[in-house]
Amino acid sequence: MKKILQDLSFAEVETLVIGMGEKKFRAKQLFEGLTQGKAISAITSLSKDFKARLLEEYEDVPVKIKETYYSSDGTEKYLFELADGNIVEGVLMKYKYGFTQCISTQVGCRMGCKFCASTLNGLVRNMTAGEILSQILIVNALHKADALGKGDEARAVTNIVLMGSGEPLDNYDETVKFLRNVTAEEGVRISARNISLSTCGIVPKMYQFAEEGIPLNLTVSLHATDDITRARTMPVAKAYKIEDILKACDHYFQKTGRRYYFEYTLIEGENCDEAHAEALIKLLKGKPCHVNLIRLNEVKERDLKALDDKSAYRFLGKLEKGGLSATLRRQIGVDIGGACGQLRANYINEK
Ligand code: SAH
């Protein structure tokens, strides 16, 4: 595989361009073209010779949309193809205030959560910062006509969630580099406040991340109220205790002033009876956090069942009555199949 130009910050592109003997303003043209989701070869403001020299070393298009699935509610799901042929998936959710894109950070995942399809074949490789970013650049370009705002501020994708395949904190350096580039003054400039990073709770990395000065919405996949239950579906629970995860969350809040979030997927017979609701209230009451209840997307390879809607609302009601801030996440795009690695898994199985 060649190198990926989208890995670079604006300052790095400038250094590269000047080092190649080109005028400084070419860096701006190149960077703008990339930000608009263009292939290097399609940036018309640059000379053929300069582009040819770039293409000797860099991928023309690091990420392509291989398939798009359209839901009747407007949601779009994508299979992205990387330059080495690997496939990752993403989702675009359309809201009134803008579009939220769910992106992947790794090809596969090694965390082994029982309910998740991303992990079925383990980790294939980490994505680079530029591959992570390119998912957004190409979807933004695709939806140029839907961009909100004016001039430089105009963009279709306004919010990002790192909730596709992969564990972002297991690909720490590239994820942080991506976050710096996507929030930078130059480029797509998506505010950290509009970005959610979801982790299964790798405690030391959570502390490390608190030092980066990126005030985003830190979201932890909790899915249980005690370590033994949690370890049944999440092997990572054997390494990190809930108690320590909560301390790391509080630390993040102290450092950034940002409240944090928990994801709690409702799995029938596993984590969502009355006693679990009470335990969750006891665990989280008074903390600067919000709980997102998620309906399980049943994975056919696994034997876990989703909770019925009525019981899900009862569970939510119980949490609210107990003083927690909580919502049951609306299910969207259901007519175009699951997410959470299921599109990719199906695609690979069919091949
Ligand atoms: N590795 C990160 C991002 C994972 S995906 C993490 O663990 O948080 C984002 C969320 O979707 C996580 O909370 C994950 O546990 C959840 N998830 C994965 N598979 C799911 C499924 N089949 N149904 C419902 N939620 C699922």
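Because the structure is predicted, anything quoted here is derived from the model rather than measured. Both counts, for ligands and for their atoms, begin at 1 and track the order of listing.
- No heavy atom of Met234 sits closer than 4.0 Å to any atom of ligand 1.
- When heavy-atom distances to ligand 1 are checked against a 4.0 Å cut-off, Glu167 comes that close through both its backbone and its side chain.
- With ligand atoms numbered from 1 in the order given, ligand 1 contributes 22 (N) to contacts under 4.0 Å with heavy atoms of Val299.
- Using modelled atom types, no side-chain atom of Glu268 and backbone atom of Asp308 make a donor-acceptor pair closer than 3.5 Å.
- For the pair Lys94 and Phe99, the distance from NZ or CZ to the six-membered ring centre is under 6.0 Å and the angle to the ring normal is within 45 degrees.
- Here the side chain of Asn171 pairs a donor or acceptor atom with the backbone of Thr105 at under 3.5 angstrom.
- Considering only non-hydrogen atoms, atom 25 (N) of ligand 1 lies nearest to Thr265 out of Ile267, Thr199, Thr265.
- Taking 4.5 Å as the limit, some side-chain heavy atom of Phe115 sits within range of a side-chain heavy atom of Met234.
- Among Cys116, Cys102, Ser198, Ser196, the residue whose heavy atom sits closest to atom 3 (C) of ligand 1 is Ser198.
- Geometrically, ligand 1 and Phe115 share a nitrogen or oxygen pair separated by less than 3.5 Å.
- The atoms of ligand 1 that sit less than 4.0 Å from any heavy atom of His223 are 13 (O), 14 (C), 15 (O).
- In this structure, Glu298 falls outside the shell of residues with a heavy atom less than 4.0 angstrom from ligand 1.
- Under the 30°/60° scheme for interplanar angles, the aromatic rings of Tyr264 and Phe315 are found to lie parallel.
- Side-chain contact check for Asn346 versus Lys300: some heavy-atom pair is nearer than 4.5 Å.
- Within ligand 1, the atoms closer than 4.0 Å to a non-hydrogen atom of Cys200 are 6 (C), 7 (O), 8 (O), numbered from 1 in the order shown.
- Ligand 1 is approached by Gly166 to a heavy-atom distance shorter than 4.0 Å.
- Using the six-membered ring where Trp is involved, Tyr78 and Phe80 have ring planes that are tilted, between 30° and 60° apart.
- Contact atoms of ligand 1 toward Arg295: 24 (C) (distance under 4.0 Å to a heavy atom of the residue).
- In this structure, Pro204 and Tyr240 have side chains that are in contact, with non-hydrogen atoms separated by less than 4.5 Å.
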